[in-house]
Amino acid sequence: MDLTPFLATADKGTHEEGLESIEIPGRVAVAAKGRFLLRALCRTFGGYSRITCAVTDQESCLEYLAAEADDPYELLVCTDYLESGNGFDLVREARQLHPKLHAVILALGDVIPAECIEAPWLEAVVAEADFVDDQQPLQAAVMAVLGGHSYRSSSLRTGILPYLSCPRLTPREYEVLDLLASGLSDREIAKRLVVSDETAHTYTKRLLQTLNVHNRLQAVLKGMRCGMVQI
């Protein structure tokens, strides 16, 4: 899936995290498993003007990176699982193509493959569990690599995953969580549920409160960890 052509006209919705406050001098590539994760990661950058690659597979991302060799990308943010390919392989090949490219991996599997742990091309990895527990690791990872440093989120350093509390959801909350995981915005959820935009926003806000998370990306990731939803 390639959402790059639609970024200019996409509904930006609400920002998922404060990456828009970080100055990134060059262009950004995003690769993630599924429409929801792709859109959510793109939204963390606020405006989409810096993102000129937004795809769900390894091959397409590498094609974008190779096509822009004269104006190389500054940052690649990707998930370890992709619809086709693997985020660790993507980063390894991307950094071979552009040695100065910085890269951050969101590890949905909460682990770094043994063969990659000491790899010099692996700059930053954020475990999904740490992102669900605290919305700042992704921001910290991006700041670290742009400053020339490596980064591993807390559970990857200690080997201890944070405690996961899985609350009970109402049927409506399950429905909203499923729609969020499908990549729908509040406006799209409103149309699907035949309610007003304001009511759909209220549903989403209540879901975040029930799950005790700060944003939609955290909500869906926690839903995945609790077995409530799949992407």
Side-chain angles (χ1 to χ4, degrees), residues 10-21 30 32-46 56 77-82 87 104-111 125-142 153-156 158-231:
D11 175 15
K12 298 175 181 58
T14 56
H15 298 165
E16 298 295 333
E17 193 184 331
L19 292 182
E20 70 272 12
S21 64
V30 180
K33 180 186 179 183
R35 181 186 180 203
F36 169 77
L37 287 176
L38 185 60
R39 290 181 63 175
L41 285 175
C42 286
R43 281 175 175 156
T44 65
F45 291 91
T56 57
V77 177
C78 66
T79 53
D80 52 350
Y81 298 132
L82 300 169
V104 175
I105 298 176
L106 174 58
L108 303 178
D110 293 327
V111 295
V125 186
V126 175
E128 176 195 79
D130 295 322
F131 186 84
V132 170
D133 190 55
D134 176 2
Q135 64 177 338
Q136 298 304 318
L138 186 58
Q139 184 176 7
V142 171
S153 64
S154 137
S155 67
L156 295 173
T158 64
I160 301 173
L161 294 176
Y163 172 73
L164 179 65
S165 173
C166 297
R168 292 189 175 212
L169 302 186
T170 65
R172 176 62 85 187
E173 287 171 333
Y174 270 113
E175 191 173 16
V176 172
L177 181 59
D178 280 336
L179 294 174
L180 284 180
S182 297
L184 272 61
S185 65
D186 281 347
R187 181 170 299 175
E188 292 166 330
I189 290 174
K191 291 180 179 178
R192 184 71 63 88
L193 299 180
V194 194
V195 297
S196 68
D197 291 358
E198 183 178 355
T199 298
H201 180 70
T202 299
Y203 286 160
T204 300
K205 185 177 180 180
R206 287 176 180 171
L207 173 65
L208 300 187
Q209 291 172 342
T210 300
L211 290 172
N212 191 30
V213 295
H214 301 283
N215 55 56
R216 299 155 191 261
L217 180 52
Q218 284 183 308
V220 174
L221 292 178
K222 185 166 186 176
M224 291 170 59
R225 295 187 67 77
C226 290
M228 299 171 177
V229 69
Q230 291 184 337
I231 294 182

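Position 1 is the first residue of the sequence, and the numbers go up from there.
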Where is the tightest heavy-atom contact between [X] and [Y], given as atom of each residue plus distance?
X: Ser185; Y: Arg43; value: CB-NH2, 3.9 Å
X: Ala219; Y: Leu208; value: CB-CD2, 3.5 Å
X: Ala40; Y: Leu217; value: CB-CD1, 3.9 Å
X: Pro162; Y: Asp130; value: CD-OD1, 3.9 Å
X: Ala200; Y: Val195; value: N-CG2, 4.1 Å
X: Ser153; Y: Ala127; value: OG-N, 2.8 Å

Any side-chain heavy-atom pair from [X] and [Y] closer than 4.5 angstrom?
X: Leu138; Y: Leu41; result: yes
X: Val229; Y: Leu180; result: no
X: Leu108; Y: Leu37; result: yes
X: Thr170; Y: Arg206; result: no
X: Gln139; Y: Val142; result: no

Just verifying a value: how many Å separate [X] [atom1] and [Y] [atom2], rounded to the nearest 0.5 Å?
X: Thr44; Y: Leu106; atom1: OG1; atom2: CG; value: 10.0 Å
X: Thr79; Y: Ile105; atom1: OG1; atom2: CD1; value: 9.0 Å
X: Lys222; Y: Cys166; atom1: NZ; atom2: SG; value: 6.5 Å
X: Cys78; Y: Leu38; atom1: SG; atom2: CG; value: 11.5 Å
X: Leu184; Y: Arg216; atom1: CG; atom2: CZ; value: 10.0 Å

Neighbour count >12 (heavy atoms, 6.0 Å) for atom [atom1], [X]:
X: Arg192; atom1: CZ; answer: no
X: Arg172; atom1: CZ; answer: yes
X: Asp197; atom1: CG; answer: yes

Margin query: Checking side chain to side chain contact (heavy atoms under 4.5 Å, CB included) between Glu173 and each of Asp178, Thr204, Leu207, which is the one that passes?
Written below: Leu207

Notebook entry, point to check: Do NZ/NE/NH1/NH2 and the carboxylate oxygens of Lys205 and Asp186 come within less than 4.0 Å?
Noted result: no

Note to self: Please determine whether a side-chain nitrogen of the Lys or Arg among Lys33 and Glu128 lies less than 4.0 Å from a carboxylate oxygen of the Asp or Glu.
What the structure shows: no

Item checked: Candidate pair Lys191 and Glu188, rule salt bridge (charged side-chain N to carboxylate O under 4.0 Å, His left out), full reasoning -> CA-CA 5 Å; Lys191 291 180 179 178; Glu188 292 166 330; over 6 Å; no

